[in-house]
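Just so you know, ligand 1 is whichever comes first in the structure, and atom 1 is the first atom listed for that ligand.
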Amino acid sequence: MGHLQDRLKEQIPDLQARAKKLVLEKGSSVISDVTVSQAYGGMRGVRGFVCDTSNVTADEGLIIRGHPLLDIIDILPEEVFYLLLTGEIPDAPALEDLSAQFKEKQNVPDYVWNVLGAMPANSHPMTMLTTGIMVMQEGSEFKKQYNAGIKKSDYWEPILEDGISLIAKLPALAAGIYRMHFEKGDRIEHNPELDWASNFAYMTGLDDPDGDFQKLMRLYLMVHCDHEGGNVSAFAAHTVASALSDPFYSVASGLNGLAGPLHGLANQECLKFVLGVNDHFGKVPQKAEMAEYCWDWLNSGRVVPGYGHAVLRCPDPRFVSFLDFGKKHINNDNIFSIVELLYEIVPKVLRDQGKAKNPWPNVDAASGSLLYYYGLTEFKFYTVLFSISRAMGMIAQMVINRALGVPITRPKSVTTDWLEKNS
Ligand code: CMX
């Protein structure tokens, strides 16, 4: 047992008691109504389940266990995983213990590489990632203990064990896929001195003379960790896990959703847009030129990638964190300067156009430009980076759900006939 496991053991009875009390005392309180538009419209805004790891508000964006993202921007991914699960930032011994657990379980079994090596050479890196995760499902501790008859109240423990084992392996798995898919040469062994995110940066083999790419990876893999429960990947993982499929099955399912262009794949579109501006002008344009370019773009019926959001109505704090990082670490780079200029120009253009409910940048508006600057120029890989971070949120959510004994997900669907008669 580690510090994290011990702390959860202390906390879980209280959480169970709070949930039980709510159901007992307020079980019939209405927290949401559903309109016909929502039933046809992706259930937007319907409050239908609980997620304690984080929440997203329109005016502040991501809040992790009560901490607005920008207040905790310097913590490590390991710390944010502990925070997502417990609501507490770990002290030094707890962090050391969790880091040691990750290090102990970080090796990816050889059979994974054999399977990935047998895949067609042009398989998408996201397909390789979820295949690698699925191949490791064979070793699931939850599956083993479930088959041996573990008590329902103890499910969360092997779920967490599998979760830690999976998160531990993701940097090596992702870096190995990067090197294999983009023909960068042999895999690079981990460096035992480095933390989880820095190790990923190290194992990609990208040139990093000042360690700034490692710093960026610590930030990147922290800020993408979670975005409450209803986004496609989190909800897919939640639903699959509710059937008591183990974390390997459940995380792979969530990541297959993240691989969609409306979700995790959007970051590569943003960078393409910025590179297009650079190609078009051959330099950083003047403000008036940039505004005209954006108007032409909109008038041709396209959206400005990296701007707008379904929930947010403010600059995404994850964007702000990347912009701050770039300002601190990057000088005289056209691509990053175009990102900064777009931030000055696009919100006014979108407001004047009057369509987008949120004219502000989202997480994807800046992240690609930073990756590109540090030599990670292969767009196809960007969603894999998002994935290794987001797995932490999915796993934290499923540990808590099993601790609460949340049953199998089964909302009621209705037919068009029923709606015509009953609405
Ligand atoms: N550029 C131009 N028009 C935009 C726009 C943008 N960036 N964002 C929204 N609009 C338009 C919509 O296309 C819609 O137009 P129609 O009425 O003609 O269909 C109108 O404004 C209203 O849309 P909305 O309610 O403000 O936005 P949605 O909640 O429907 O969609 C999103 C949200 C993110 C899909 C949308 O803002 C968009 O397409 N943005 C650009 C792509 C992008 O950055 N995606 C990454 C999202 C990151 C994430 O969700 O994690």
For residues 237-244, please give each side-chain donor-acceptor pair under 3.5 Å, one per line with the distance, not counting sequence neighbours.
from: H238; atom 1: ND1; to: N401; atom 2: ND2; distance (Å): 3.1
from: T239; atom 1: OG1; to: F235; atom 2: O; distance (Å): 2.8
from: S242; atom 1: OG; to: T239; atom 2: O; distance (Å): 2.7
from: S242; atom 1: OG; to: T409; atom 2: N; distance (Å): 2.8
from: S242; atom 1: OG; to: T409; atom 2: OG1; distance (Å): 3.2

Exercise. Considering residues, nucleotides and ligands other than R18, do more than 12 of their heavy atoms fall under 6.0 Å from its CZ?
Worked result: no
Exercise. Got a sec, which residues hit side-chain hydrogen bond (donor to acceptor under 3.5 Å, both in side chains) with D364, two or more places apart in sequence or on another chain?
Worked result: none
For this session: Could you pull out all residues at least two apart from Q38 that satisfy side-chain hydrogen bond (donor to acceptor under 3.5 Å, both in side chains)?
Result: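 With neighbours one apart ignored, the set is T35.
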For this session: Examine the side chains of N231 and S233 and answer whether a donor and an acceptor come within less than 3.5 Å of each other.
Result: yes
Exercise. If you count only heavy atoms, which residues are under 4.0 Å from ligand 1?
Worked result: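 The answer is R44, A266, L298, V303, V304, P305, G306, Y307, G308, H309, A310, L350, K355, A356, K357, N362, D364, counting any residue whose heavy atom sits under 4.0 Å from ligand 1.
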Problem set entry | N-O pairing of D212 and K215 below 4.0 Å | yes
